[in-house]
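These numbers come from a predicted model, not from an experiment.
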Amino acid sequence: MRAGRNHVRIGGAAGFWGDSALGPRQLLDGGDLDYLVFDYLAELTMSLLAAARRKQPELGYATDFIDAMRDVLGDALARGVRIVANAGGINPQGCAAALRALAAEQGLAPRIAVAEGDDVSSLLPALRAEGVELPATVLSANAYLGALPIKAALDAGADVVITGRCVDSAVTLGALMHEFGWAPDDYDLLAAGSLAGHLIECGCQGSGGLFTDWEDVPDWANSGYPVVECRADGSFVLGKPEGTGGLVTPAVAAEQLLYEIGDPSRYLLPDVVCDFTAVTLQANGPQRVLVQGARGQAPTPTYKVSATYADGFRSAAQLTVVGHDAGRKARRSAEAILARTRAMFARTGLSDYSATHIDILGAAEGFGQAVMWLAVAHPQRAALELFAREIAPAGTSWAPGTTGFGGRPSVSPAIKQFSFLLEKTRLSPTVHLPDGTTAQPVSHHGVRPHAGHGLERSSGLQPSTCQPEGLTPRCDTSPTGEGWRRVPLIELAWARSGDKGDTSNIGVIARHPDDLPLLREQLTPDAVAAYLADKVRGAVTRYELPGIHAFNFVCEQALGGGGMASLRHDPLGKGMAQWLLAMPVAVPPNFTSRRT
């Protein structure tokens, strides 16, 4: 914390491996920061890093981080801005070595700390012996660690902290625990710090990116990266550097708050179980939002472990078709490719596809343009190499107006993800400090089942759930009095969606608090499940967040397996909110659109 002020400013410079190079420099020059934090590790990223390290043992970390440091490390050190990044992936020491080499090249000597201990690969044989069902070949297995190792590294004077797998928000929470002296059992404060980290962990998503009212977001080319200004009491203000593009409003913050949190009253993190149901968001000046009201409970005695494994191969092809009946022509082309290749498989002794999926994007009927998306999976690479050769012939064989062939599709291993819980006592996270010593800051003394961890508090809100079996569509159960009419949900709400494996998380926020009862009546789990029945195969559960006039819908079996396991064009469910925003809802005669 800078001398003379009572708050800490933290900038979220990266939301994933592959984020723009704009963020670090923009935040460093315009954010008036104490900390620059980076989040790189999506679940799929770990498997990609594992594959990279198998080819080159010195790799296995997010190389984008080193590229970013080449530009900003010297200035950050000169300005006293400390850096925390989970860029270590499955090789934190390799990442630190690369950073030391870069620093030496630039004549710098940063104090670098490395937090590791998340890799549970060495425990897999014992887990199998104990009866835990695991795939035969596991590519990566990493526990989501918390903020204590980061705090310990900063306590020891590190300028740069590099971690392996940790929860995304921990890079922010660790800095706040260090700065304010928050204890491991200050649960309300830990929940508030985790929320601050959650709002900036996805980069520009916290400052106008993906916002429902996208036309209201100015200057996309210069989108501002998010900054949180945090105080010791747990309150904080979300903002962005002055003069940048993007947008920071309560609605923008609400969309990001709901992003991928599941049950908002029990958002499980390694350091704390968060309750966000009473959080409030208030405008606090231009491009500033005051965030208050997070509450916390003691954490569970387990870590979540995310593991990946290879399961055959996959390939995906695209063709563009234009003209009359473009959509029907595109679908028939996909069906012909499958029929042709299946016959070829049979002649050569290859088995059938293990899975196929056709999406037609664009015009479904009439005159227009459609894109065929055809994704397939097979146990053998040879079968999909044959498939890949049979895409280009569609350009001369079948539908008039076929164009847009982008080359022969690639064949890649099908990497799938699975998760399980592991007792915290089985891991000992270690921090390699700048002075060459090590520390193990996580103590499990006295850990016991969650029910015994102090006082349990309830939001008093019970989720409602529907099961898809025997579902009767209820999209038309809204009021039908004289003058009532139907409008798309987007007229009354903002929404954002994301994923957790095969589960889609759709957050819906009322544009005006007065509309919440109407939305509560019509956006029932049954109604949402019926409207999304072509996409959602499992249960739909609705949670309510009164503090921000919102609902969170958790839709199971909604993404065709999710991530790399899915053959869908949208395997991460980013478009699910857009589909739901088209759902018709009934409004009274005096209703006027809430969109401005």
Side-chain angles (χ1 to χ4, degrees), residues 211-213 249-259 261-266 275-283 289 291-295 458-467 471-497 504-532 536 539-555 576-596:
F211 184 46
T212 299
D213 295 342
T249 66
V252 168
E255 284 196 6
Q256 182 58 22
L257 188 158
L258 289 167
Y259 185 65
I261 64 170
D263 180 350
S265 70
R266 286 187 56 79
D275 181 354
F276 296 152
T277 56
V279 167
T280 60
L281 305 169
Q282 297 175 289
V289 173
V291 184
Q292 300 178 96
R295 300 188 300 175
S458 171
S459 65
L461 301 171
Q462 298 300 316
S464 50
T465 303
C466 85
Q467 297 290 339
L471 188 66
T472 300
R474 293 178 56 189
C475 297
D476 58 353
T477 58
S478 51
T480 56
E482 183 178 353
W484 283 69
R485 57 193 171 88
R486 292 190 174 194
V487 299
L489 176 61
I490 196 172
E491 297 294 328
L492 292 88
W494 300 284
R496 178 171 299 175
S497 55
S504 176
N505 187 118
I506 310 174
V508 177
I509 308 105
R511 291 178 180 269
H512 194 284
D514 289 349
D515 294 330
L516 197 63
L518 185 150
L519 294 176
R520 185 183 295 113
E521 179 181 354
Q522 297 187 55
L523 261 63
T524 64
D526 283 356
V528 170
Y531 189 74
L532 299 177
V536 177
V540 174
T541 302
R542 185 183 75 182
Y543 301 95
E544 187 165 347
L545 293 87
I548 60 171
H549 319 297
F551 301 103
N552 203 40
F553 293 91
V554 176
C555 309
M576 292 289 281
Q578 297 299 302
W579 289 109
L580 187 58
L581 284 169
M583 177 178 170
V585 293
V587 295
N590 61 349
F591 175 81
T592 58
S593 175
R594 305 302 190 187
R595 301 176 74 188
T596 57

Pair up each side-chain donor or acceptor in residues 545-555 with any protein partner under 3.5 Å, not counting sequence neighbours, and list the distances.
| unit_1 | atom_1 | unit_2 | atom_2 | d |
| --- | --- | --- | --- | --- |
| Asn552 | OD1 | Asn505 | ND2 | 2.8 |
| Asn552 | ND2 | Gly262 | O | 2.7 |
| Asn552 | ND2 | Asn505 | OD1 | 3.1 |

Those residues at least two apart in sequence (or on a different chain) that pass salt bridge (charged side-chain N to carboxylate O under 4.0 Å, His left out) with Asp515 are Arg594
Are Gln522 and Leu489 close enough that some pair of their side-chain heavy atoms sits under 4.5 Å apart? no
Assess, by modelled atom type and distance only, whether the side chains of Thr280 and Gln292 contain a donor and an acceptor separated by less than 3.5 Å. no
Within the structure provided, determine whether Arg520 and Arg542 are in side-chain contact (heavy-atom separation under 4.5 Å). yes
So, Thr524 and Asp526: side-chain donor and acceptor under 3.5 Å apart, yes or no? no
Quick one: side-chain contact (heavy atoms from CB on, under 4.5 Å) partners of Thr212, sequence neighbours excluded? Glu255, Ile490, Trp494, Arg511, Leu581
Among residues at least two apart in sequence or on other chains, which ones pass side-chain contact (heavy atoms from CB on, under 4.5 Å) with Pro588? Trp484, Leu518, Asn590, Phe591
Considering all heavy atoms, the nearest Asp275-Ser265 contact: OD1-CA, 3.5 Å
Restricting to non-hydrogen atoms, name the atom on Leu492 and the atom on Pro488 that form the minimum distance, rounded to 0.1 Å. CD1-O, 4.2 Å
Please report the closest heavy-atom contact between Ala510 and Leu519, naming both atoms and the distance. CB-CD1, 3.8 Å
Closest approach of Met583 to Ala527 (non-hydrogen atoms, all atoms of both residues): CE-CB, 3.8 Å
List in chain and number order the residues that pass side-chain contact (heavy atoms from CB on, under 4.5 Å) with Ala278, two or more places apart in sequence or in another chain; answer none if no residue qualifies. none
What are the two closest non-hydrogen atoms of Ala283 and Pro250, and how far apart are they? N-CG, 3.7 Å
Please report the shortest heavy-atom distance between Val508 and Leu258, naming the atom on each side. N-CD1, 3.9 Å
Could you give me the CA-CA distance, side-chain angles and deciding distance for Glu491 and Val585, then say whether side-chain contact (heavy atoms from CB on, under 4.5 Å) is met? CA-CA 9 Å; Glu491 297 294 328; Val585 293; over 6 Å; no
Should Val540 and Leu532 be marked as a side-chain contact (heavy atoms from CB on, under 4.5 Å) after you check the CA-CA gap, both sets of side-chain angles, and the distance that decides it? CA-CA 10 Å; Val540 174; Leu532 299 177; over 6 Å; no
With sequence neighbours excluded, tell me which residues meet side-chain hydrogen bond (donor to acceptor under 3.5 Å, both in side chains) with Thr541. Thr465
4.5 Å side-chain heavy-atom contact, Val289 and Val252: no
